[in-house]
Amino acid sequence: MPEHDLPPHPESPVEREDQGHDERPDAAVEPRDDGRSRLWRAFRRPTRVQVVVAVLLALVGFAAVTQVRTNQGDDTYAGLREQDLIDVLNGLAGTTQRSEGEIQRLESTRDDLQSDTNARQAALAQARQQAQALSILAGTVPVRGPGVTITITEVSGHVRVGPFIDMVQALRTAGAEAMQINHEVRVIAQTSFEDGTGGLLVDGQLLEPPFTVDVIGNPDALVAALQFPDGPRDEFAEDDGADLTFQEVTSVDVETTRDAAEADVAQTQQ
């Protein structure tokens, strides 16, 4: 038989596999990821599922720890006998009663302190008011208030000390609280009046006419004290030939003051 008529020699499976491998191009070998690399990537870029799982695990752990602590706390009195529990309750009741008694004692002390404080404050306020009133009467402080301004002008005669003292007394009786003459002398209880050459000597100081008297008090009462029949106005006109005029004002400034006088003989009672 001729050679060209022979059937082709069959290839074995091994030869076909070798040929197939020989025909595939050389491919680059990809590096394999080991477990450490995958774990590191999971920590750096966790997925949503991993985050949810982590949160759930944290909540479960927190609940377990809380339950353990609760169980430990509940077991404090679990091993006590009935009498022991009764003793514990009695001790707590006694402690509560002592605490309530101490609270009542402290509240009572607080109330006493507040009462004493209020009493001291009231006494201090009253003392300040009295000191202020005495300072005004003693003429040691300047004052301001409603009142009248009086002007006495000599017309046909000279102002004598008698009608002037009568006017001052009438004003005091009407409630005058502060008084000054010619913006020079503060009139108080110890003020002295004398006839002087060319005027009046008030506390040894010569004051010349016209006389200006600033008075603080109830204006209506002061005006009534000046113009009642045979009062200061009529007395100055008839006896001294002087003219007395006045003006009600809402604010009178009595700015002259005196040094505080010390008692020579009188002493306070203890």
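Using a 4.5 Å cut-off on side-chain heavy atoms (C-beta onward), Ile150 and Leu171 make contact. Side-chain contact between Ile188 and Arg258: present, with at least one pair of heavy atoms (C-beta onward) separated by less than 4.5 Å. Taking the side chain as every heavy atom from C-beta outward, Val185 and Leu207 approach each other to under 4.5 Å. Side-chain contact between Val223 and Leu226 is absent, with no heavy atoms from C-beta onward closer than 4.5 Å. You'll find the side chain of Leu244 reaches within 4.5 Å of the side chain of Met167, heavy atoms only.
Minimum interatomic distance between His183 and Thr256 (heavy atoms only, all atoms of both residues): O-CG2, 3.3 Å. Scanning both residues, Val159 and Asp240, for their nearest heavy atoms gives CA-OD2, 3.7 Å. Of all heavy-atom pairs spanning Val143 and Ala178, the tightest one is CG2-CB, 3.6 Å. Closest heavy-atom contact between Pro232 and Ala225: CD-O, 3.2 Å. Among all heavy-atom pairs drawn from Leu222 and Ala174, the shortest one is CD2-CB, 4.2 Å. When every heavy atom of Gly204 is checked against every heavy atom of Ser192, the shortest pair comes out as N-OG, 4.3 Å.
By the rule that hydrophobic residues join a cluster once side-chain heavy atoms approach within less than 4.5 Å of another member, Ile216 and Val202 end up as members of separate clusters. Linking ILVMFWY side-chain heavy atoms closer than 4.5 Å, directly or via other members, places Ile165 and Leu200 in a single hydrophobic cluster. Placement of Val254 and Val187 in two distinct hydrophobic clusters is found when ILVMFWY residues are connected by side-chain heavy-atom separations under 4.5 Å, directly or transitively.
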Between Ser251 and Asp253, is the side-chain contact (heavy atoms from CB on, under 4.5 Å) condition met? List the steps.
CA-CA 7 Å; Ser251 179; Asp253 290 329; 4.2 Å; yes

Is there a salt bridge (charged side-chain N to carboxylate O under 4.0 Å, His left out) between Asp243 and Arg233 once you walk through the steps?
CA-CA 7 Å; Asp243 184 26; Arg233 171 183 275 183; over 6 Å; no

Please evaluate residues Met179 and Val168 with respect to the criterion side-chain contact (heavy atoms from CB on, under 4.5 Å), reporting the C-alpha separation (whole Å), side-chain torsions for both, the decisive distance (0.1 Å), and the verdict.
CA-CA 9 Å; Met179 196 181 314; Val168 171; 4.2 Å; yes

Take Thr257 and Thr140 through the test side-chain contact (heavy atoms from CB on, under 4.5 Å) and record every step on the way to the result.
CA-CA 5 Å; Thr257 59; Thr140 58; 5.8 Å; no

Derivation of the side-chain contact (heavy atoms from CB on, under 4.5 Å) call for Thr153 and Thr151
CA-CA 6 Å; Thr153 306; Thr151 303; 3.8 Å; yes

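Note on residues 171-200: no pairs pass salt bridge (charged side-chain N to carboxylate O under 4.0 Å, His left out), not counting sequence neighbours.
In this structure Phe164 satisfies the ring pair (Phe, Tyr, Trp, His ring centres under 6.0 Å) test together with Phe193, Phe211, sequence neighbours excluded. Under the ring pair (Phe, Tyr, Trp, His ring centres under 6.0 Å) criterion, Phe246 pairs with no residue at all, not counting sequence neighbours.
Of the possible polar contacts, one joining the Asn182 side chain to the Glu208 backbone as a donor-acceptor pair under 3.5 Å is found. Side-chain atoms of Ser135 come within 3.5 Å of backbone atoms of Ala131 as a donor-acceptor pair (strictly under, hydrogens ignored).
Annotation: the span from Leu137 atom CG to Leu134 atom CG amounts to 6.5 Å, rounded to 0.5 Å. In this structure, CD in Glu102 is found 11.0 Å from CZ in Arg98, a value given to the nearest 0.5 Å. Atom CG of residue Asp214 and atom OG1 of residue Thr149 lie 4.5 Å apart, to the nearest 0.5 angstrom. Thr109 contributes atom OG1, which lies 11.5 Å from atom CD of Gln104 (distance to the nearest 0.5 angstrom). Interatomic distance, Thr212 OG1 to Ile152 CD1, rounded to the nearest 0.5 Å: 8.5 Å. One distance of note links CD of Gln114 with CG of Asp112; it measures 9.5 Å at 0.5 Å rounding.
Atom CD of Gln126 is surrounded by 12 or fewer heavy atoms from other residues, nucleotides or ligands within 6.0 Å. With a 6.0 Å radius and a threshold of 12 heavy atoms from other residues, nucleotides or ligands, Asp111 has its CG atom above the threshold. Atom CD of Gln132 has 12 or fewer heavy atoms from other residues, nucleotides or ligands within 6.0 Å.
Under the 4.0 Å criterion applied to side-chain N and carboxylate O atoms, Glu107 and Arg110 are not assigned as salt-bridge partners.
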